[in-house]
Amino acid sequence: LREFGGTDGEAFAVGLACGGRIKVLGELVVGQADGEATRGAMAVDVLAQLVTQREARVPVAYVADLDGTTRQLDSAQAYPDRFRLDRSGVEDAGRTFVAVHNPPLRMVVVGAVHIAQALMPMARLAGYDAVLVDPREAFGAQARFPGETIVHDWPDEALAKHGLDERTAVVTLTHDAKLDDPAIRQALGAPV
């Protein structure tokens, strides 16, 4: 565990342009021989479980006992404030590091309109995994949205397939009730 900060020059050198302090935990990933834990290392089976949870979009905490060998996964419910703020860090007692692994933010943009042409790249820059939904293939074309993920299903069907959770934003842009309204009802969990 390394701590950076202090003087303005030290903070700036590690990317803290506004000053402050940061603690960084670096660990080896090791296999466990005969069930024996290694101090300061993550077991490969814990890493495999973490990868599985992240692929399933399950929020999970990686918890490391900084004074011992215990490294384990825990539920988001054990650290509700950390997960709500999406903030990893050392707990108040200073012995436990909690790494928050929330599912990536997602955005579903309904309507391949001119506003969406600017919104899709901005969403990616802001860290969202963005998907464009429009059943009108002439509007939702790769020529108009190069490199974007485009779904040509009706919005309510696309949202049902995509799956919605607390880390998914839905933006409706068509100003056409037959497209926007079913998407809004699906996003709110109301009958379509």
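Numbers here simply count residues along the sequence, with the first being 1.
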For a quick test of reading the model, state the closest non-hydrogen atom pair linking [X] to [Y] and the distance between them.
X: M107; Y: A123; answer: SD-CB, 3.8 Å
X: T174; Y: G111; answer: CG2-CA, 3.3 Å
X: T168; Y: G163; answer: OG1-O, 4.3 Å
X: P80; Y: A78; answer: CD-C, 3.6 Å
X: A177; Y: P182; answer: O-CD, 3.3 Å

Nearest 0.5 Å please: distance from the [atom1] atom of [X] over to the [atom2] atom of [Y].
X: L173; Y: L132; atom1: CG; atom2: CG; result: 9.0 Å
X: D181; Y: T172; atom1: CG; atom2: OG1; result: 8.0 Å
X: R71; Y: L50; atom1: CZ; atom2: CG; result: 14.0 Å
X: Q72; Y: M42; atom1: CD; atom2: CE; result: 11.5 Å

Please determine which of I150, V109, I115, T149 meets the side-chain contact (heavy atoms from CB on, under 4.5 Å) test together with M120.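 One option only clears the test, and that one is V109.
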Looking at D129 and R106, does any basic side-chain N land under 4.0 Å from a carboxylate oxygen?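 No.
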Lys/Arg N to Asp/Glu carboxylate O, K178 vs D156, below 4.0 Å: no
Is [Y] reachable from [X] through a run of I, L, V, M, F, W or Y residues, each pair having side-chain heavy atoms under 4.5 Å apart?
X: V51; Y: L73; value: yes
X: V60; Y: V44; value: yes
X: L119; Y: V113; value: yes

Is a side-chain N or O of [X] found less than 3.5 angstrom from the main chain of [Y], in a donor-acceptor match?
X: R54; Y: H101; result: no
X: R57; Y: P104; result: yes
X: R82; Y: R87; result: yes
X: D134; Y: A112; result: yes
X: R167; Y: P103; result: yes
X: E91; Y: F97; result: no
X: Q142; Y: G147; result: yes

When clusters are formed from ILVMFWY side-chain contacts under 4.5 Å, directly or step by step, what else is grouped with [X]?
X: L188; answer: I184
X: V100; answer: V63, Y79, F83, V98
X: V170; answer: V108, V110, V131, V133, V151, L159, L164

Is there a side-chain contact between [X] and [Y], using heavy atoms and a 4.5 Å cut-off?
X: E27; Y: L25; value: yes
X: P155; Y: P135; value: yes
X: H152; Y: R136; value: no

So for atom CZ, which belongs to F145, do other residues, nucleotides or ligands contribute more than 12 heavy atoms lying within a distance under 6.0 Å? yes
Counting heavy atoms not belonging to D165, are there more than 12 under 6.0 Å from its CG? yes
For Q186 and E157: C-alpha separation, side-chain torsions, deciding distance, then whether side chain to side chain contact (heavy atoms under 4.5 Å, CB included) applies. CA-CA 9 Å; Q186 182 73 31; E157 295 169 4; over 6 Å; no
Are Q53 and Y62 close enough that a side-chain donor and a side-chain acceptor fall under 3.5 Å?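 Judged by distance alone, the side chains do not pair up.
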For R95 and D65, what are the C-alpha separation, side-chain angles and deciding distance, and is it a side chain to side chain contact (heavy atoms under 4.5 Å, CB included)? CA-CA 6 Å; R95 291 183 34 114; D65 176 0; 3.1 Å; yes
